[in-house]
Amino acid sequence: MTKLINRRPDRLQRLVLGALPFLLVAGLYLWGSEQRLQANPNDKLLPAPSKIIDTMERLAFEPSKRSGDYLLWTDTAASLQRLALGVSAGALIGLVFGIVNGAIPLAHANFSPMVTTVSLIPPMAILPVLFIIFGLGELAKVVLIVIGITPVLIRDLQQRVIEIPREQLIKAQTLGANTWQTIARVILPQIMPRLLDSVRLALGPAWLFLIAAEAIAATEGLGYRIFLVRRYLAMDTILPYVVWITLLAFSLDWILRAVSQRIWPWYHGKSRQQPVATS
Amino acid sequence: MTKLINRRPDRLQRLVLGALPFLLVAGLYLWGSEQRLQANPNDKLLPAPSKIIDTMERLAFEPSKRSGDYLLWTDTAASLQRLALGVSAGALIGLVFGIVNGAIPLAHANFSPMVTTVSLIPPMAILPVLFIIFGLGELAKVVLIVIGITPVLIRDLQQRVIEIPREQLIKAQTLGANTWQTIARVILPQIMPRLLDSVRLALGPAWLFLIAAEAIAATEGLGYRIFLVRRYLAMDTILPYVVWITLLAFSLDWILRAVSQRIWPWYHGKSRQQPVATS
Amino acid sequence: HADERSKFSVCWSIYVGWMPWDYGAQSGIVKKWADKYGIEIDVVQINDYIESINQYTAGKYDGCTMTNMDALTIPAAGGVDSTALVVGDFSNGNDGVVLKGKNKLADIKGQNVNLVELSVSHYLLARGLESVGLSEKDVTVVNTSDADLVSAYTTDDVTAVVTWNPLLSEIVAMPASTPVFDSSNIPGEIIDLMVVNTETLKANPKFGKALVGAWYEIMAVMGADNAAGKAARTFMGKASGTDLAGYEAQLASTKMFYQPAQAVDFVVSADLKTTMGYVAEFSFEHGLLGEGAADAGFVGIETPAGIIGDSDNVKLRFSPKYMRMAAEGKL
Amino acid sequence: MSLIELRQVWKSYGDQVVLERVNASVEAGEFVTVVGASGCGKTTFLNMLLGTEAPSRGELLLDGQPLPAEPDSRRGIVFQRYSVFPHLTALQNVVVAREFQMSRLLARLVGRRRRQVRQESLELLSAVGLAQSADKYPHELSGGMQQRLALAQSLINKPRILLLDEPFGALDPGIRADMHQLVLSLWRQHQLTIFMVTHDLKEGFYLGTRLWVFDKVRQDPHAPQAYGARITYDLPAGRKAEPGPAVGISLDRGDSDKVPAKLLLQTE
Amino acid sequence: MSLIELRQVWKSYGDQVVLERVNASVEAGEFVTVVGASGCGKTTFLNMLLGTEAPSRGELLLDGQPLPAEPDSRRGIVFQRYSVFPHLTALQNVVVAREFQMSRLLARLVGRRRRQVRQESLELLSAVGLAQSADKYPHELSGGMQQRLALAQSLINKPRILLLDEPFGALDPGIRADMHQLVLSLWRQHQLTIFMVTHDLKEGFYLGTRLWVFDKVRQDPHAPQAYGARITYDLPAGRKAEPGPAVGISLDRGDSDKVPAKLLLQTE
Ligand SMILES: Nc1ncnc2c1ncn2[C@@H]1O[C@H](COP(=O)(O)OP(=O)(O)OP(=O)(O)O)[C@@H](O)[C@H]1O
Ligand SMILES: Nc1ncnc2c1ncn2[C@@H]1O[C@H](COP(=O)(O)OP(=O)(O)OP(=O)(O)O)[C@@H](O)[C@H]1O
Ligand SMILES: [Mg+2]
Ligand SMILES: [Mg+2]
């Protein structure tokens, strides 16, 4: 008998094994839904799949009676736009401060304690303060995302900059580079793919803050819709919205990774040498 | 002139530079508070420091009129208990699944896609589902923390397990170890300090989910108090509570690191060889 | 010290008595009245009710929809002099106490009660407990966010809730639920208002006139039993996440003042003064007036029937002035 | 019967043929050193002996039986790096090997058996010159000391075959010389059969009783992957002859427990 | 006037004295090889020449002037690892060095000057045998090719002094021999002054015109940190004599652009 630790599934086994938990969850849901609907045909908790599909069709393909919009798509567009703005702004700030803090010891001494402190403040706790400072418009939602992800991005990137072998910075100087040139040609280009990695990690929290912000102040958006129908326990809308958000999150992550692999072959080439897990 | 990149601050310079941003923020606050209080002495937005100190004294050292509790301490105890429960449970689940997924390829194939999917779902979006399953008691709050941090912990730790050099697993087998022994004596002890690292990272999100949970249903707790007094814009309570939470977060992180260094000298000895940034 | 301006913004949040503002904004009625007085009025929806009041208190909006109690405890207690420009309705069954598996209010003793703490629900509970000889010490109040009350109620943990519509009707519709006390037992005590900044109003009477004018035109449309009225109510139902039937059910437990004269009568009656006395007492007991408050009269409230509390610190004013103009057709 | 026998062994990864038609037999007690250009399949060959890779074609026999498809305690290994457990002290690194064998469930020994195993392990540590460092963690040991430890660890369960994949590749030349003496003495004392991959032909000749050179005999310039390497030379090597005299400046400054770092100037 | 002069140089880190009373002068065009036990301060010495470390006491003069306290383009360096920029192709790695010098603001050249620098760089790449790999990223190059690239990169700005810290420590012995030839030819052609640290005494004698051995002359067994190392031997080394004939099995299988990996069996 081969030891468990040495047994590797082939493609087919991997597929089957991977699909199992999903099938299990789906099966459990169907069973539970059936049970509850038999007891109470108006039950809202676990709507039948047919009901969910109806609702989604209505949200995606019928213009809303109130505004004439196709709700699913306007919600998605609004949320993605906020997410994109927030994450881009966060990434930019993270990049600038990360590089400055990582490359210039004086700047590190200056900003790093503040960044550490800010990164420890749970943004949810200062939500009320944020809304008061930034109002309730689009700005506030974007700012919540920025505040939520930027301290971590800065700390991440400054660490990545510090991890660039000192040999390279010395080497650049022996080739005649000044501080600015070293940053522009040695540090920045090496940090870019790492920025993308960090951004991918930050997307999880970004979605969280987006939804929290939309729950409090918005008139459209995925989080808004979930929040709105939550009062009526409209699980036929909530569940597919959650699935949809998950799908969007997955696609975003996938796209970012693909982009990174295309633009920075040297970065991924390097990790190709070590076996990379496909978790 | 030494290049900026080569200029390193000494202890005193570091202290001064690091304190500057804090002084700046404090100064800005004092100025803003003064301005607003001149315009409206009852203004609640930026209370005077004296007011904040009064409020904190009352919350910390005077029993509340309604319940007779010392509010700051009961809130802190309640929140820390929830945090500890949630994080411990998350760590335990993360450890078990992380090791199983990382060490046993068949388990990886089985669970990993589900874990990845779950980690992409923003927990805030499924709050109603959580309440329906877990009720509104302490359990639900702890579960929200667990759901919020565990998928990330699992992915983190399974990655850490996979990164254990294959040579060591082979070596263990050539010494006669079976799967179970390899996990117990080679993988588990090497993963423990990494678990602590991951837990330290997860504390940020854990605080977030704790506060979100307490905002939704509670009778005490730091997040509860902040969201309750938000109803009458009592910034004199909110601001010191935020500072207090930040301090708690900082202390927890510090304690965990100190514990790790004491228990696992080999782990920290290893990184001692590379210069470690003190960001 | 507020200046004369031509641009204003007011905010509102989703609630049966405030949906007309959304309709007025979407249908152009508000713009029509603003144009008439040569000003601009922005009507902004805010999801989170408390956040909308906070925003108003912080000075980001010139007016905001809120209840009488919140008007006292948030802006007025925060030193922002506020005037109840439009008294739109009072809750007449729209807020209620619901028990699971029990059928009279006295059974609430010893239970956990889930509600939005320090809100009108809390006030309603206090009044209810009083009516059966209990006090707040006999129950445990669990602060629960309004959006989550419905899903929370489906769990076994939750046996007693106090809430408002539309959540209330969702909860009552669930099995084994009995409403045991509601706002129709204390008529006229939970009042839904459009509150505006007093100084802004003083400096800009046009702002008040336009808002009040628009409001009563909306009322005329929505109160009518014809196709246009039905369309308006359907719109409001949809916007609040339900449908015509659901919305009309909520209206049924709301005493809307469709006519300005009704509202004027309500405001000038001595009952309002009594009610606000209760509310101030409740707020003081719960610390809502702030630590600086020595007694329930710390914040003065001006009603046509007289001032309650500190007349040197009047921060909340009920004035029938503009509604009376509407009643007299002078807008 | 030979200890190890290879019959027409092929190994390919997809299209790429790494080894082709390898035939050989090795008797117990031989010391086979393996050299060859980088990437020619030396590690792959060792992996097949170890059981982590299976031949694509052909037979690989141990005592006349097909080799099991996973590592076990009959074949010990020392890699170039990562060969010891970083979370265990030197002593624990050796003890754990006995614990794996003697306590199948917990891999922990207590009481008398524990004391006995500690004693055994300490003796072996002394044999590789690590007695003084028994309670140090690997990160506190130099590269050479880590490899000594890895050797001790591999030997405590008395494997019949010892596989060494460039075990001294990461060491300084001075330290290597000491390691050579150690490996030779362990080989004699434990009556091991050793396969050792090295990049240093001189080392190969010096240490082994038999030296194999892996190389491709056929080349297709248009498809460099089409053909694999074979054992192109199978030479009797210099073992039994003792190392030639070393003359040199010795920068010996060994602390009491450190094996001295020597810089040897060899006559050419 | 000597190119480099050290006058009573001390270097200590806190309590630990690493180097003490080092005196030396080096003329332009010398090739100094430095050997010594691990940890004796060879890298520290090179760092002082480089400017990343300052002497604790004493004077370190370059052309009679105190050495600037940070690296500049007069002193090139090749480390054992991390010496090339991983995000630039081989050609870009060399071009960037010229761009640092010629475009102070953007470190980017365009147009004619760009073509000219590319041309220069390609020539230098050819000189180190990397013409065919100009568009490859470092991770696509072998260890030896990366060190060749590092040499080319260091030389394009024509430094007067070249510092090499065990540049071949991570390479296979076969590849080292090729690198030796390359360094020697670059040294002659660019008229460099070279300081090279090595662990291999033989390499030191073979390459240098002058060999320094660093060692402690005083020892305090109770306080091993109290005394630092000095230059204990300053020997004229074998340079000018050409390398002895190499006889051996050559496993040469060079692809057209790869410098062949040779396993040299040297006569003893
Ligand atoms: N798991 C694998 N999958 C695909 N190809 C592999 C695998 N392992 C090794 N190879 C390929 O097989 C060939 C031989 O590799 P191997 O590691 O055995 O060489 P080696 O002789 O040990 O080289 P080195 O001297 O560099 O250690 C190489 O071309 C390598 O790329
Ligand atoms: N930045 C530093 N701070 C403190 N001690 C240092 C520092 N750099 C080097 N040392 C110490 O100085 C001594 C000399 O180190 P150095 O790296 O110069 O030795 P080396 O001769 O290059 O050794 P090796 O042959 O291992 O490369 C060592 O004991 C080292 O621990
Ligand atoms: Mg190999
Ligand atoms: Mg060194």
Side-chain angles (χ1 to χ4, degrees), chain A residues 3-5 7-9 13-14 17-18 20-22 45 103-106 108-114 116-117 119-126 128-129 132 152 155 158-159 162 169 173 178-179 182 204-205 207-208 211-212 215 223 226 230 233 235 238 241-242 245-246 249-250 253 277 279, chain B residues 3-5 7-9 13-14 17-18 20-22 45 103-106 108-114 116-117 119-126 128-129 132 152 155 158-159 162 169 173 178-179 182 204-205 207-208 211-212 215 223 226 230 235 238-239 241-242 245-246 249-250 253 277 279:
Chain A
K3 296 188 202 89
L4 211 49
I5 212 169
R7 254 188 280 164
R8 298 183 177 276
Q13 282 175 314
R14 261 217 303 280
L17 282 172
L20 264 182
F22 293 91
L45 260 187
I104 301 174
L106 290 174
H108 191 274
N110 197 189
F111 299 123
S112 179
M114 192 65 173
T116 306
T117 307
S119 75
L120 286 170
I121 303 176
M124 291 299 175
I126 51 165
V129 185
I132 287 160
V152 176
R155 294 185 71 183
Q158 79 187 24
Q159 191 51 41
I162 289 171
L169 307 186
Q173 295 184 51
N178 57 30
T179 298
T182 309
W207 275 104
L208 216 80
I211 288 172
I226 288 179
R230 206 154 103 180
L233 211 60
M235 300 303 281
I238 294 181
Y241 260 66
V242 170
I245 290 176
T246 308
F250 182 84
D253 187 70
S279 67
Chain B
K3 296 187 200 91
L4 210 50
I5 211 169
R7 252 187 283 164
R8 296 179 181 277
Q13 282 174 315
R14 259 217 304 281
L17 283 172
L20 263 182
F22 292 93
L45 260 187
I104 301 175
L106 290 173
H108 191 273
N110 196 188
F111 299 124
S112 178
M114 192 66 174
T116 305
T117 308
S119 75
L120 287 169
I121 303 176
M124 295 300 178
I126 49 163
V129 184
I132 290 159
V152 176
R155 294 185 70 182
Q158 79 187 24
Q159 191 52 39
I162 288 169
L169 307 186
Q173 295 183 52
N178 58 30
T179 299
T182 309
W207 275 104
L208 218 80
I211 288 170
I226 287 179
R230 182 175 78 110
M235 300 302 275
I238 294 182
L239 293 180
Y241 260 64
V242 169
I245 290 176
T246 308
F250 182 84
D253 188 68
S279 68

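Side chains included, hydrogens not; waters and symmetry mates left out as well; all remaining heavy atoms used. Each chain gets a letter, A, B and so on, in the order its sequence line appears, and its residues count up from 1. Keep in mind the model is a prediction, meaning the values are calculated, not measured.
Contact tally against chain B (heavy-atom pairs below 4.5 Å) for L106(A), N178(A), I104(A): the top residue is L106(A). Contacts with chain A were tallied for M124(B), Q13(B), M114(B); M114(B) has the most, counting heavy-atom pairs under 4.5 Å. Chain A forms the most heavy-atom pairs under 4.5 Å with one residue out of I245(B), T182(B), T117(B), and that residue is T117(B).
Without hydrogens or angle criteria, T179(A) side chain to I5(B) main chain gives a donor-acceptor distance under 3.5 Å.
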- Task: Please assess I162(B) against H108(B) for the test side chain to side chain contact (heavy atoms under 4.5 Å, CB included), listing each intermediate value before the final yes or no.
- Result: CA-CA 10 Å; I162(B) 288 169; H108(B) 191 273; 4.1 Å; yes

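For the pair V152(B) and P205(B), the minimum side-chain heavy-atom distance is 4.5 Å or more.
In this structure, the portions of L4(A) lying under 4.5 Å from any heavy atom of chain B include both its backbone and its side chain. Of the atoms belonging to S119(A), not a single heavy atom falls under 4.5 Å from chain B.
Rounding to the nearest 0.5 angstrom, the gap separating the CG atom in L120(B) from the CH2 atom in W207(A) is 10.5 Å.
With sequence neighbours excluded, the residues that form a side chain to side chain contact (heavy atoms under 4.5 Å, CB included) with V242(A) are I226(A), I238(A), T246(A), I121(B), A125(B), I126(B).
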